[in-house]
There are 2 protein chains.
Amino acid sequence: MTASYRPLSRKDIRRENEKLILEAAEKVFAEAGFGGATMQLIADMAGLPKANLHYYFPTKESLYRQVVQAIFLDWLKAADIFDAAPGPVEGLGAYIDAKMEISRRHPAGSKVWASEVMHRAPVIQDYLETTLMEWTEGRMDVIRRWIAEGKMDPVDPRHLLYMLWATTQHYADFGHQIETLNGGRPMSDAQWVAAKESVKSIILKGIGARPSPDG
Amino acid sequence: MTASYRPLSRKDIRRENEKLILEAAEKVFAEAGFGGATMQLIADMAGLPKANLHYYFPTKESLYRQVVQAIFLDWLKAADIFDAAPGPVEGLGAYIDAKMEISRRHPAGSKVWASEVMHRAPVIQDYLETTLMEWTEGRMDVIRRWIAEGKMDPVDPRHLLYMLWATTQHYADFGHQIETLNGGRPMSDAQWVAAKESVKSIILKGIGARPSPDG
DNA sequence: GCTTTTCCTGACCGTATGGTCAAGAAAAGA
DNA sequence: TCTTTTCTTGACCATACGGTCAGGAAAAGC
């Protein structure tokens, strides 16, 4: 019991407050956009005075930058499974599952990213040109290899990737529209399963993915 | 010659200025979001003094509302072809073509819509609940009919529609990302053709669309 | 020509926002 | 214990924004 009353160390305080602020900021940026978000709103949601935000993050833009960076790194991780897979059924299937899960659990992040890109990426253009470019080239190589090995039809790997991004992120970015068309109710567990299955089934069949013989 | 120097009538002036303002507003709202857009920016882009904007559109929100409404009506038109088609190959193929063309020619509108929905549709929620809901139900009926007639696989029509929206609008909403990944150059005519073909081919094959016998 | 209506616009106003600062509280270091 | 460093925060500031308004210009109506 006594241990839990030990005063927080400096490092703990900093880590905890930064996390609190970043989480609040992600929500507010997602709901209001960069221009519509205010430091006061973020402060209220984090339960801290506004001046305290400026102590940890000197400007609104620096706070926003860190939010976007965290999202981007999160997405890159989701694609690790891609490379190790023996073929498109396993690799793309798992990738779709992973990205759908992010859309479900982390919709605010997806919205912030979409907003940033739609506004011509003023903050993360360098990421697009370096990290994302390399990542995309690498994944296209994997797809081309699968095609060469006869594991799927010879589709354009670039547009396949765009379709994967578009379709999976749609469930986060347009979640409000989907909810409205669902009678005002959020998608149930069963509906999420159906969504994943629909997406996977149409895309995998659409590219003529053939299950690995040694799967 | 003399005719072209006739002073503009009141109706002409109004129509012309409103059009000028709406076009400028669409661009600015698309690039900066509702919160980031300023009446001054829109005025500058339209080449009019700010006070003149408030003469035609009393508030920023009323201007925004009209921009979003125009976009929505534009999209509804694009789906007329859907109903008349004998089957999914013609109907969905033409719909994909039409929406891809809008993404190419009218990307700002798509971005404004995306932004509005991402921010929980504060301005057009009623449209979602009425017009869009009815439109969606009607199109799902068409798809179900095609399925019943054996013209395509029994896929979930709802998620098929979401995939169509997501994929086609992605080329507008994420156009900047696509351009960056394309070496910083906008997609060429040939690349647009390839994009359309990729999307159509994967989706139509993915749903097992069978060409109409009497096509 | 005279009156009415519509259009135009520079100057102005209240407010909200991002950001600053000084002074104190609390932990760390010696 | 005394000093140093880090953290906290109410009060404050300059600016930019949405919106107003009065007074004039220009068509329309008669």
Side-chain angles (χ1 to χ4, degrees), chain A residues 2-22 24-29 31-68 112 115 119 122-123, chain B residues 2-22 24-29 31-68 112 115 119 122-123:
Chain A
T2 54
S4 65
Y5 281 101
R6 186 162 50 92
L8 291 171
S9 75
R10 291 260 160 88
K11 283 206 168 173
D12 288 344
I13 287 179
R14 178 165 278 269
R15 184 170 26 232
E16 195 157 318
N17 280 347
E18 285 181 346
K19 189 182 158 204
L20 220 60
I21 295 168
L22 285 170
E26 185 180 276
K27 280 183 201 161
V28 174
F29 282 133
E31 284 185 10
F34 179 81
T38 71
M39 294 298 271
Q40 189 61 60
L41 257 170
I42 298 171
D44 290 348
M45 179 155 293
L48 295 171
K50 194 186 71 166
N52 209 349
L53 263 67
H54 280 101
Y55 173 72
Y56 288 104
F57 301 91
T59 67
K60 183 183 175 185
E61 202 176 303
S62 68
L63 172 55
Y64 176 73
R65 182 178 215 104
Q66 293 219 20
V67 169
V68 178
V112 173
S115 216
H119 300 352
V123 168
Chain B
T2 53
S4 65
Y5 281 101
R6 186 161 50 91
L8 291 171
S9 76
R10 290 260 160 88
K11 283 205 167 176
D12 288 344
I13 286 180
R14 179 166 276 271
R15 185 170 23 233
E16 195 157 318
N17 279 347
E18 285 181 347
K19 190 182 156 203
L20 219 61
I21 294 168
L22 285 170
E26 184 180 277
K27 279 183 201 161
V28 173
F29 282 134
E31 284 185 9
F34 179 81
T38 71
M39 295 298 271
Q40 190 59 61
L41 257 170
I42 297 170
D44 291 348
M45 180 155 293
L48 295 171
K50 193 186 70 166
N52 209 348
L53 263 67
H54 280 102
Y55 174 72
Y56 288 104
F57 301 91
T59 66
K60 183 183 175 184
E61 202 176 303
S62 68
L63 173 54
Y64 176 75
R65 182 177 215 105
Q66 293 219 19
V67 169
V68 177
V112 173
S115 216
H119 300 353
V123 168

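In what follows, every chain begins at residue 1, and chains take the letters A, B, ... in the order their sequences are listed.
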Name every donor-acceptor pair, under 3.5 Å, that has one atom in a side chain of residues 40-47 of chain A and the other anywhere in the protein, sequence neighbours excluded.
from, atom 1, to, atom 2, distance (Å)
A:Gln40, NE2, A:Asp44, OD1, 3.1

- Message: Show, in sequence, the C-alpha distance, side-chain angles and deciding distance for A:Phe57 and A:Gln66, and conclude whether the side-chain contact (heavy atoms from CB on, under 4.5 Å) test is met.
- Response: CA-CA 9 Å; A:Phe57 301 91; A:Gln66 293 219 20; 3.9 Å; yes
- Task: Produce a footprint string for nucleotides 2-18 of chain D: one letter per nucleotide, 5' end first; B if the base is under 4.0 Å from any protein heavy atom, S if only the sugar-phosphate is, - if neither.
- Result: ---BBBBBB------SB
- Apply the test side-chain contact (heavy atoms from CB on, under 4.5 Å) to residues A:Phe29 and A:Val68: give CA-CA distance (whole Å), side-chain angles for both, the deciding distance (0.1 Å), then the verdict. CA-CA 10 Å; A:Phe29 282 133; A:Val68 178; over 6 Å; no
- Name all residues meeting the salt bridge (Lys or Arg N to Asp or Glu O under 4.0 Å) criterion together with B:Glu18; count only those two or more places apart in sequence or in a different chain, and write none if there are none. B:Arg14
- Item | Atom-to-atom span, CG of B:Asp12 to P of C:dT6 - whole angstrom | 16 Å
- Message: What is the distance, to the nearest angstrom, from the CG atom on B:Leu20 to the C1' atom on C:dC7?
- Response: 15 Å
- Note on the structure: Contacts of B:Arg10 meeting salt bridge (Lys or Arg N to Asp or Glu O under 4.0 Å) (sequence neighbours excluded), chain-then-number -> none
- Note on the structure: Overall bend of the helix from C:dG1-D:dC30 to C:dA30-D:dT1 (five pairs an end, 10° steps) is 10°
- Query: If every non-hydrogen atom of A:Glu61 is compared with every non-hydrogen atom of A:Val123, which pair is closest and at what distance?
  - Reply: CG-CG2, 4.4 Å
- Determine the minimum heavy-atom distance between A:Ala37 and A:Ala32, stating which atoms define it. N-CB, 3.7 Å
- Listed partners of A:Glu31 passing side-chain contact (heavy atoms from CB on, under 4.5 Å), at least two apart: none
